[in-house]
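Data block below; observations after.
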Amino acid sequence: MFKILRKEVLANKINLFDIKAPYIAKKAKPGQFVIVRTDDYGERIPLTIADFDREAGFITIILQEIGRSTYDMGKLEVGDFFLDVVGPLGKPSVIQKYGRAICIGGGVGVAPIYPITRALQAAGNHVISILGANSSATFFGEKMLKAVSDELYITTNDGTYGEKGLVTDVLKRIISNDDIDIVFAIGPLGMMEAVSKVTSLKRIKTVVSLNPIMLDGTGMCGACRVEVGNEKKFACVDGPEFDGHLVDWENAKQRARMFEKQEKVALTQSCNCHSKGEGCNV
Amino acid sequence: MSKKEIVKKKYDMPLQDAAERAKSFTEVALGYDMETAVLEAERCLQCKKPFCIEGCPVNVPIPDFIKLILEQDFAQAASIIKEKNSLPAICGRVCPQESQCEKHCILGKKHEPVAIGRLERFVADWEMQNTPELKNPSIPVIDQKVAIIGSGPSGLTCAADLAKLGYKVTVFEALHTPGGVLVYGIPEFRLPKSIVAQEIDKIKELGVEIRVNSVVGQLWTIDELMQEEGFAAVYICTGAGLPYFMDIPGENLNGVYSANEFLTRVNLMKAYQFPKHLTPINVGERVAVIGGGNVAMDSARTALRLGVDNSYIIYRRSEKELPARLEEIEHAIEEGVEFKLLTSPIEILGDEEGRVTAIVCQNYELGEPDVSGRRTPIPIDNSTYTMEVDSVIMAIGQGPNPLIPASTPDLKVNKRGNILTNVAGLTSIPGVFAGGDVVSGAATVILAMGAGKKAAESIDEYLKGLRN
Ligand SMILES: Cc1cc2nc3c(=O)[nH]c(=O)nc-3n(C[C@H](O)[C@H](O)[C@H](O)COP(=O)(O)OP(=O)(O)OC[C@H]3O[C@@H](n4cnc5c(N)ncnc54)[C@H](O)[C@@H]3O)c2cc1C
Ligand code: SF4
Ligand code: FES
């Protein structure tokens, strides 16, 4: 059982949890993730480790309520427990002195990009962060990222906060007159794909973090397989970070839809808002 | 004793009706009742030189426990089985007896062998229901800690044996439930999870600590366990959990599962009760399972229970070569699994959404026996055909998980990734032992248990040496 020490609502349907997990906190590194299960009926849900405190013995996860399981998790409060938290899983990000680095976080991807950004800056890189969201209602993380970036840019699709537009608009602008050594991008598949397209033109090494459907997270099931450079890779053990220029994005997007129908069923079954006429995200 | 008429056949195992059971996850084989068990026990000739024992990888004293069944001293029968086999309720259900103990039974030369597995199961089940667990005689505590990595049958056996000797044993398990393949792979209808849970409870009562959600290699390296966490010896028994794929076109379509994924969703995560249990599964109406072993049979029979119209087994060789337990093949046929033998897939087709629509197969014939003695399947030219299916389950084998070797540079493995050990189970690192599927490659429950037993003896020897 893993106790929730702190909960903070960061934006609409985006919650932060500090979870007591001293062993995981001791070992966690930027880029790694945990698998979390709420109760005996719950799915095993992979979530990136957004932060960790080795001394206090907790890890931070940030999750967006998008499906039934994350919706259930969103209802948990301080003092409640997650039944299972396993990790740290996956390979850590390769942190070294690259020179000039860009870190891009889209949507809830701002959470996992944070520890990477922090580590890159600590390793002596000049770090430029670009954060993006649909609108101000779902945007979070400015203060966090500001503290660990040398430059910070913010975009929203609807222009309600920061620059109106996409993270790739800013990215294009920066790389057209600045030499960049590496790009880290975490966010929706479409965003990471777009970023990789932009950087491939200038051959800038681009690391993306894939979050395919997972089950065990230890390389046992192959549910998380992705095609990278025409090879099958298991994202949970070979990744989650891969070279964005080698990822088969079409396949990744297709596999993300594997249980679309079932996910709808699970969500409608849980919420009463449909019958009550309240809006929800189903 | 006057010479009796020999009963030529095993007494039938009562089974759930095939049509009924193909829709349900409750156990297929119901088990002998006391009367039948005693009748079956009467068939045993009580040989002076019992060959059956030699066929059993852990040398259960088979004629002795059968004699005790005749005498209706079931508690004693259980106790002598357990001296050799700490998980008899499981082995009685899943051992391939036809190629082990029962294969060597003298009766089998002319008639059917004694139903040793069924009798073993009867005794184990009787004990579970009837004897209150004897409190363990207080064991001298030895102040040395042993770490066991993996809670499959190999780890559980090793843990139980070491705990009985007085060691402090901690089992680290990556998943949230202990049991290994017994809980995530082998389905409920063949091995009820409540039986596995009871066996695990008994091992905990011996003082063994089981830490779930603990992935060794990620949370601790082997070295850290020994240097920082104070474990004097380590037993690695992480199984053969890495699923193989065929590398044919279409394998990444939606609807293609490894058997591990499919079975884990259904067994461990209870996707058959979706959406009460939230893990989904989606196999459609027609399922093709590729492979012919236990894993393939379990997958095909599980698919039936999810309510599919057609569940096919696609296998390259002929019926004779199917590696699955005989009983599983028979049960699969009775339940309506359709066998496409001498056939192998060459491509999986999908629609524009990326969902499986069909599988392209090619026919095979059998050539000369290869080194393993099995006849090599040879593809027949111009024999391809297309079968419409909605999902494909790959059950073509599994390899060892690379997490531990990858984080333990000094640990020697062979080119398939199996950990190398000497006969005592010792790896290339002092104090680190290994056994079960991670050493042998995917094998059987009883062989994994045998390796666990052996390792417990070796670890005891090793630790005695450290104490002196
Ligand atoms: C579907 C299926 C059906 C089968 N049917 C039969 C049958 O009828 N009869 C039979 O005799 N055999 C059968 N087998 C084979 C049998 O189950 C295996 O040979 C046996 O379970 C191997 O035991 P093990 O203890 O070596 O490993 P496993 O049972 O595989 O257990 C290994 C455990 O280690 C854990 N682990 C792995 N890596 C780590 C890590 N880094 N840290 C912590 N934990 C880790 C895994 O999660 C797992 O729980 C079947 C196998 C399958 C898959
Ligand atoms: S453990 Fe397996 S091989 Fe040994 S007697 Fe029992 S059923 Fe036969
Ligand atoms: S989640 Fe199962 S292999 Fe990656």
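The sequence lines fix the lettering, A, B, ..., with proteins before strands; numbering per chain opens at 1.
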* Asked: So B:H277 and A:Y41, would you call those rings parallel, tilted or perpendicular, with 30° and 60° as cut-offs?
  -> tilted
* Asked: With a 4.0 Å cut-off, would you call A:E260 and B:R355 a salt bridge?
  -> no
* **Main-chain N/O of A:D84 paired with B:N213 side-chain donor or acceptor, under 3.5 Å** => no
* To do: Check the side chains of B:N252 and A:R255 for a donor-acceptor pair under 3.5 angstrom, ignoring hydrogens and angles.
  => no
* Contact class of A:D248 relative to chain B, heavy atoms under 4.5 angstrom -> neither
* Start with the C-alpha gap between B:E224 and A:K26, add the side-chain angles, then the distance that decides, and say whether salt bridge (Lys or Arg N to Asp or Glu O under 4.0 Å) holds. => CA-CA 13 Å; B:E224 284 165 347; A:K26 216 170 129 193; over 6 Å; no
* **Heavy-atom proximity to chain B below 4.5 Å, by part of A:L89** => both
* For A:Y23, is it the side chain, the backbone, both, or neither that has a heavy atom closer than 4.5 Å to a heavy atom of chain B? -> both
* Structure fact -> Max heavy-atom pairs within cutoff under 4.5 Å with chain B, candidates A:K91, A:K261, A:R257, goes to A:R257
* Asked: Listed by chain and number, what are the ring-ring contact (aromatic ring centres under 6.0 Å, His included) partners of A:F52, not counting sequence neighbours?
  -> none
* Determine, for A:K232 against B:E251, whether the closest basic-nitrogen to carboxylate-oxygen distance falls under 4.0 angstrom. => yes
* Using the side-chain contact (heavy atoms from CB on, under 4.5 Å) rule, pick out the option among B:V215, B:L242, B:T238 that qualifies with A:T218. => B:V215
